[in-house]
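Input: a single structure, listed below in structure tokens.
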Amino acid sequence: MSFDVDIGYASRRGPRELNEDFGGVRRGAGEDAARGLVAAIADGVSGGGLGLEAAQTTVMGLLADYFAAPATWETSVVLDRLIGAQNAWLADHNRRRSGAAALTTLTALALRGQTWTLAHVGDTRAALLRAGPDGDEWSQLSQDHAFDHPDQRGRLTRAVGLDDVVRLDIAQGDIRSGDVFVLTSDGVHGRLRAARIAEIVRAGDPQAAAEALAQAAIDAGSRDNASALVIKVLGLDARELADEMADARRLPLPPPLKLGQQLDGYTITARIADTGVNLLYQARDAASGKLVAIKALNTARGADAEELAMLAHEAWLGQRLGEGPGFVRVHPRRADASAAYTVFDWHPGRTLEQSIEAGERAAVADAVGAAIEWTRALARLHRQGVIHRDIKPANLHRGDDGHWRLLDLGAAISGRESAAQRELRAGTPSYMNPEQWQDGGRADPGSDLFALGVTLYRWLGGRLPYGEIEPWQTGGYRRDPQPLSRLRPDVPIWLDHCVAKAVARDPAQRFQTAEELLLALERGAARPLGPTAPTPLMRRDPQALLKAALVVSLLFNALLVIWLLFLPR
């Protein structure tokens, strides 16, 4: 179901000479469509038109600039920075004015993906009407920034333009189909109780409800302007990374679970792994009766923002990629989820690592077929701008259905992750290309292809092409790998050359894209590759010449000492 909303807005002047309320909504179009919409309502405070000036410029500026903000900015950051900039501009103008200042309240609501984000200052309000199991539920999302004393009521403690720095209330939550968001000025909620507002909203479509709210407030004797903005969610967008990140921050971590325990309708049937960072369980879904896998962060890591971000990023990637072959589908988070965790399809089978440790010897044809499946999955991953960063036998799973799948996207990068995640040197050292250990090199699509080549070499040859590599230990890369056909005579020459090219010491000799490797595997002996040229010593070990010169120098000096001390002159 695509993201879809119905919107209504109405404003009445009431007994005031000038209506200083202002509201508006703007939806993204074209490339900005995925960024949803932003709505705002403001109530100007000062008289003489200055309040209207403050309300108009604040709302119009926010609507105009929201979609111009960088796409990498989180929604709450966009709202905070834009409103902060408007406040600084308005406060500066107010300092130059003599007499009254232009101030305004503001309640801004952004809907993106399946997450709402609220930024609020003043005494305008935002509320949510949501269908519940026992009927509609009304929730006020904002808190007034005004004095509670009867004689001081209406005086604000915070407003846009009041101080050099504005303190915003920021809140976030999930969106559900059928949700109705209601933004009102104090001329409405100051006269109508919450139950009456909910009754009016429930009775009509958003435009009719907005008009009825404004008119009902005036009829009830409101002495202020009465404005209402009603937004009804008709359909949801696919979940975005921001939705997963918001849930990771909002929801607690589940406690360690035991066999038979329940978690939001899932019954734990087995504890699969505890890596110290993540916990992995097998569970049965009570609704469908099917087995699933549940991945959660270890409670000891609950304060690690980067680990939470990586788990959220993996869930988002899994939902984008899991519908196609080569990956495990991630289930969308349930609306009533009580904790932050990720649910995957369960596929019985075993990983390549388990097969290797069991001593199973792969037939060459089976290994080639598996490599073709892995490469197709990598090609799909790379076309979407994603780098896996941890291809290895433990992350390649063959299900009982005969299909191979890439596991564990926790270390993957997509361009949407944080700088800390991107700079993290993720992966397993023995499967990482040597450039990542030199000159601050980072992972790229070629890194995944190198790791895939190392995996295939180990599976067929029974050992790693460069031996076990420890972090920051590059000595193993100072020789070229032994040809696979010498380790296993039944490996054909074309496959020997293909794997040698994938794991070549010189990056210029390797496959440049997954499609290039896939083509070589599919053509096989029909269009064999030529042998990979040996890597020159100076490229494998740039200090080799200096070392050789040092050895020659030492030998020469030793001979000179012997001649001077022991030989007759």
Side chain proximity check, Val182 to Arg125, heavy atoms < 4.5 angstrom | no
Would you check, one step at a time, whether the test side-chain contact (heavy atoms from CB on, under 4.5 Å) holds for Arg191 with Val188?
-> CA-CA 6 Å; Arg191 279 293 171 180; Val188 173; over 6 Å; no
Modelled atom types, side-chain donor and acceptor of Asp285 and His331, under 3.5 Å = no
Quick one: closest heavy-atom pair of Gly24 and Val59, and the distance?
-> N-CG1, 4.0 Å
Just by distance, do the side chain of Asn94 and the backbone of Ala102 share a donor-acceptor pair under 3.5 Å?
-> yes
Could you walk me through whether Arg97 and Leu50 pass the side-chain contact (heavy atoms from CB on, under 4.5 Å) test, one step at a time?
-> CA-CA 11 Å; Arg97 291 188 175 107; Leu50 293 180; 3.9 Å; yes
Distance in Å, Arg389 CZ paired with Arg442 CZ, rounded so as to fall on 0.5 Å steps | 9.5 Å
Could you give the distance from CZ (Arg284) to OG1 (Thr269), rounded to the nearest 0.5 Å?
-> 6.5 Å
Qualifying salt bridge (Lys or Arg N to Asp or Glu O under 4.0 Å) pairs, either residue in residues 222-235, two or more places apart | Arg16-Asp224
Distance from Asp336 atom CG to Asp174 atom CG, nearest 0.5 Å?
-> 10.0 Å
Are the side chain of Asp4 and the backbone N or O of Gly235 linked by a donor-acceptor pair below 3.5 Å?
-> no
What is the distance from atom CD of Gln56 to atom CZ of Phe22, rounded to the nearest 0.5 Å?
-> 5.0 Å
Between Thr513, Asp448, Asp444, which is the residue that forms a side-chain contact (heavy atoms from CB on, under 4.5 Å) with His382?
-> Asp448
Is a side-chain N or O of Asp65 found less than 3.5 angstrom from the main chain of Ala68, in a donor-acceptor match?
-> no
Run the ring-centre check on His347 versus His403 and record whether the distance is less than 6.0 Å.
-> no
Taking atom CZ of Arg193 as the centre, report whether more than 12 heavy atoms of other residues, nucleotides or ligands fall under 6.0 Å from it.
-> no
Indicate yes or no: at least one non-hydrogen side-chain atom of Leu407 is less than 4.5 angstrom from one of Phe344.
-> no
Any side-chain heavy atom of Pro445 within less than 4.5 Å of one from Ile387?
-> yes
Sort out for me which residue in Glu199, Arg202, Arg130 forms a side-chain contact (heavy atoms from CB on, under 4.5 Å) with Asp136.
-> Arg202
Give a yes or no on whether the backbone of Val292 and the side-chain of Asp345 come within a donor-acceptor separation of less than 3.5 Å.
-> no
Does the Arg380 side chain pair with the main chain of Leu321, one donor and one acceptor, at a distance under 3.5 Å?
-> yes
His145 versus Thr157, side-chain donor and acceptor atoms under 3.5 Å | no
Examine the side chains of Gln86 and Thr57 and answer whether a donor and an acceptor come within less than 3.5 Å of each other.
-> yes
Please say whether more than 12 non-hydrogen atoms of neighbouring residues, nucleotides or ligands are located less than 6.0 Å from CZ in Arg167.
-> no
State whether the side chain of Gln384 and the backbone N or O of Val386 hold a donor-acceptor pair below 3.5 Å, judged by distance alone.
-> no
Go through the steps to decide whether Arg376 and Glu515 satisfy the test salt bridge (Lys or Arg N to Asp or Glu O under 4.0 Å), and finish with yes or no.
-> CA-CA 8 Å; Arg376 283 176 178 161; Glu515 286 79 6; over 6 Å; no
Ionic contact status for Glu74 with Arg35, cut-off 4.0 Å | no
Correct closest heavy-atom pair for Ser185 and Asp21 would be OG-OD2, 3.1 Å
List the atom of Ala159, the atom of Leu103, and the distance in Å for their closest heavy-atom pair.
-> CB-CB, 4.5 Å
So, Asn298 versus Arg301: side-chain donor-acceptor pair below 3.5 Å or not?
-> no
Identify whether NZ of Lys or CZ of Arg in Arg334 sits under 6.0 Å from the centre of the six-membered ring of Tyr266 and within 45° of that ring's axis.
-> yes
For Ala514 and Leu378, the nearest pair of non-hydrogen atoms, with its separation, is CB-C, 4.3 Å
Take Leu141 and Phe181, measure what side-chain contact (heavy atoms from CB on, under 4.5 Å) needs, and give me the verdict at the end.
-> CA-CA 9 Å; Leu141 305 179; Phe181 294 90; 4.1 Å; yes
From the options Leu62, Leu118, Leu109, select the one residue that forms a side-chain contact (heavy atoms from CB on, under 4.5 Å) with Leu79.
-> Leu62
Tell me yes or no: between the side chains of Gln319 and Glu244, is some donor less than 3.5 Å from an acceptor?
-> yes
Spell out, as yes or no, whether a donor-acceptor pair under 3.5 Å connects the side chain of Tyr281 to the backbone of Leu257.
-> yes
Report yes if the side chains of Arg13 and Leu18 come closer than 4.5 Å at any heavy-atom pair, otherwise no.
-> no
Non-hydrogen side-chain atoms of Arg158 and Asp169 separated by less than 4.5 Å = yes
Compare all side-chain heavy atoms of Val25 with those of Tyr9 and state whether any distance is below 4.5 angstrom.
-> no
What's the spacing between Asp163 CG and Asn87 CG if we round to 0.5 Å?
-> 7.5 Å
Between Arg12 and Glu211, is there a side-chain N and carboxylate O pair less than 4.0 Å apart?
-> no
Does any donor atom in the side chain of Asp264 or Ser338 lie under 3.5 Å from an acceptor atom in the other side chain?
-> yes
Under the side-chain contact (heavy atoms from CB on, under 4.5 Å) rule, what do Leu280 and Ile294 come out as? Steps first, then yes or no, please.
-> CA-CA 6 Å; Leu280 187 64; Ile294 294 179; over 6 Å; no
Give a yes or no on whether the backbone of Ala146 and the side-chain of Asp144 come within a donor-acceptor separation of less than 3.5 Å.
-> no
Looking only at atom types and distance, does a side-chain atom of Asp408 sit under 3.5 Å from a main-chain N or O of Asn395, one as donor and one as acceptor?
-> no
What heavy-atom pair brings Ala412 and Leu317 nearest, and what distance separates the two atoms?
-> CB-CD1, 3.8 Å
Do we see a donor-acceptor contact under 3.5 Å between the side chains of His313 and Ser414?
-> yes
Where Thr184 and Ala228 come nearest, the two heavy atoms and their spacing | CG2-CB, 4.2 Å
For the pair Asp179 and Arg176, find out whether any cationic side-chain nitrogen is under 4.0 Å from an anionic carboxylate oxygen.
-> no
No-hydrogen, no-angle side-chain donor-acceptor test under 3.5 Å, Thr115 and Gln172 = no
Side-chain contact test, heavy atoms from C-beta onward, threshold under 4.5 Å: evaluate it for Arg26 versus Tyr66 and give yes or no.
-> no
Can a donor-acceptor pair be found between the side chains of Ser227 and Ser11 at a distance below 3.5 Å?
-> yes
Donor-acceptor pair, side chain of Ser222 and main chain of Gly187, under 3.5 angstrom | yes
Between CD1 of Ile83 and CG of Leu106, what distance do you get to the nearest 0.5 Å?
-> 5.0 Å
Heavy-atom distance under 4.5 Å between the side chains of Leu308 and Leu297, does that happen here?
-> yes
